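Every chain is numbered from 1 and lettered A, B, ... according to where its sequence line falls, protein lines coming before strand lines. The basis for the numbers below is simple: all heavy atoms, side chains too, and nothing from hydrogens, waters or symmetry mates. The structure displayed is predicted, hence computed values, not measured ones.
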There are 2 protein chains.
Amino acid sequence: MRALANAAFELAMEQGLDGFIVDDVAGRAGYSRRTFTNYFSCKEEAVATGASIVNDTIEMEQMLENLSEDTLPIDILFQLIKMQLTVDYLKRMREMALICKKHLTMEPYFLKVVRQLHVDAQETLMKLTNGKVDEVYIQLLVGGVYGGMLPVIDGSVHIQFPDQSSSNNTFHQHLDKIYEYLKNGF
Amino acid sequence: MRALANAAFELAMEQGLDGFIVDDVAGRAGYSRRTFTNYFSCKEEAVATGASIVNDTIEMEQMLENLSEDTLPIDILFQLIKMQLTVDYLKRMREMALICKKHLTMEPYFLKVVRQLHVDAQETLMKLTNGKVDEVYIQLLVGGVYGGMLPVIDGSVHIQFPDQSSSNNTFHQHLDKIYEYLKNGF
DNA sequence: ACTTAAATTTGCCTAATGCGCAAAATTGCT
DNA sequence: AGCAATTTTGCGCATTAGGCAAATTTAAGT
């Protein structure tokens, strides 16, 4: 299934959404068309899935070790975000955003992927705070962060990606700005 | 086109997504199937569109009149929200959320409609503040509010809808809660 | 009212899609 | 190896997406 999604994403980047059909995806991944439809309802869904990465929950557990008892939810969240939205991930999202601009049918599936990020972060944060924090609080917090990240993800806010060597990167500056506003109120 | 969307939404409520085909939608709306595909890429998109309501920008102008110079963006936004998310609108969204639970293929199109609300509010707020406010600020603010509203919209948070007679309604209480958090920080 | 240009709708056609069903292949377990 | 559970596949068919050109409707000018 991962193979199918990857194949779809690659084909979309190489040929554009109209440049291939489901058979091509299945073929490249080494499966039959029927298997493709077992997992995806359309090309678009497969492409979007291919652009996203599954974050295993192991990272979450790694994080737990570094947490002191009184770390604020907002700080936990921002640590999470930084683990989740790696440079690689953002680049993939950008690729997808590009495809979206050309093919309107992609947009809903793009949104679905971003939404999944959102939901994952929310659930993880719930677990990490262990039910001690109001659920609405968490919903709002995560909603705010992802609402602010969306323009970054889809490229409508231009962000210089950090590479390992450069010390000043605007991506983290943007994150800091989000942090400030959410922390101190509007 | 509105007629097609409405027909699709009604059919989805009456028969469920699997209970009809595109021809039925076109037929009920009095158009041909070919015309349907001129406007929608699939049933789902039509249904989602039918569930949403176009807000003309007249309301925005109405609002402008009531605004004093120094009204805070967050207060403008909450007035906007209250105009946009009427009880009727929320009920339609709930209907759609219900359909979503049964038919996973609807979800991306549901998200698209909600996203549109989000974008509309953002653009309106930009106009109303007339470029005097940082764009990131607005993105975050609107993102926070809609992130917090999403669980309400899709019904995962149970909310008693206000009717005209009841004075205490939990929907507005929820809005107030969102307001507090965003205003005062996390 | 009449004419003409622009926009919308439609029919026709064909490649592509979605999915139920049952058979075949693969995997996992003992 | 033997057997159960899961995954993959082929077949078939109703449905769908969209290019193209004709037909119809709408809007505008005179």
J.: Pairs under 3.5 angstrom only: tabulate donor-acceptor contacts from the side chains of residues 13-22 of chain A to other protein residues two or more places apart or in another chain.
T.:
{"unit_1": "A/E14", "atom_1": "OE1", "unit_2": "A/R28", "atom_2": "NH2", "d": "2.9"}

J.: Run the side chain to side chain donor-acceptor pair (under 3.5 Å) check on B/E180 and B/N184 step by step: do they pass?
T.: CA-CA 6 Å; B/E180 284 304 308; B/N184 301 323; 3.1 Å; yes
J.: Strictly distance-based, threshold 3.5 Å: is any side-chain N or O of A/T86 a donor or acceptor partner for the main-chain N or O of A/Y89?
T.: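 Side chain of A/T86 to backbone of A/Y89, a donor-acceptor pair under 3.5 Å: yes, one is there.
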J.: Pairs under 3.5 angstrom, nitrogen or oxygen only, protein versus nucleotides 22-26 of chain D, please.
T.:
none

J.: Given side chain to side chain contact (heavy atoms under 4.5 Å, CB included), test A/K183 with A/L72 step by step and report yes or no.
T.: CA-CA 10 Å; A/K183 178 95 171 187; A/L72 291 174; 3.3 Å; yes
J.: With a 4.5 Å heavy-atom cut-off, do B/V113 and B/T49 have their side chains touching?
T.: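 No, side chains not in contact.
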J.: Using a cut-off of 4.0 Å between protein heavy atoms and nucleotide atoms, how would you tag nucleotides 8-18 of chain D 5' to 3' with B, S and -?
T.: BBBB---SBBB
J.: I want to check something: taking the side chain as every heavy atom from C-beta on, are B/L111 and A/P108 in contact at a cut-off of under 4.5 Å?
T.: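 A side-chain contact is absent here, since even the closest heavy-atom pair is not under 4.5 Å.
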J.: Would you check, one step at a time, whether the test ring pair (Phe, Tyr, Trp, His ring centres under 6.0 Å) holds for A/Y31 with A/F36?
T.: CA-CA 7 Å; A/Y31 289 94; A/F36 178 94; over 10 Å; no
J.: Rounding to an integer number of Å, can you tell me how far B/L17 CG sits from C/dG18 P?
T.: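 From B/L17 CG to C/dG18 P: 14 Å.
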J.: Are the charged groups of A/E107 and B/R115 less than 4.0 angstrom apart, N to O?
T.: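 Not counted as a salt bridge, because no side-chain N and carboxylate O are separated by less than 4.0 Å.
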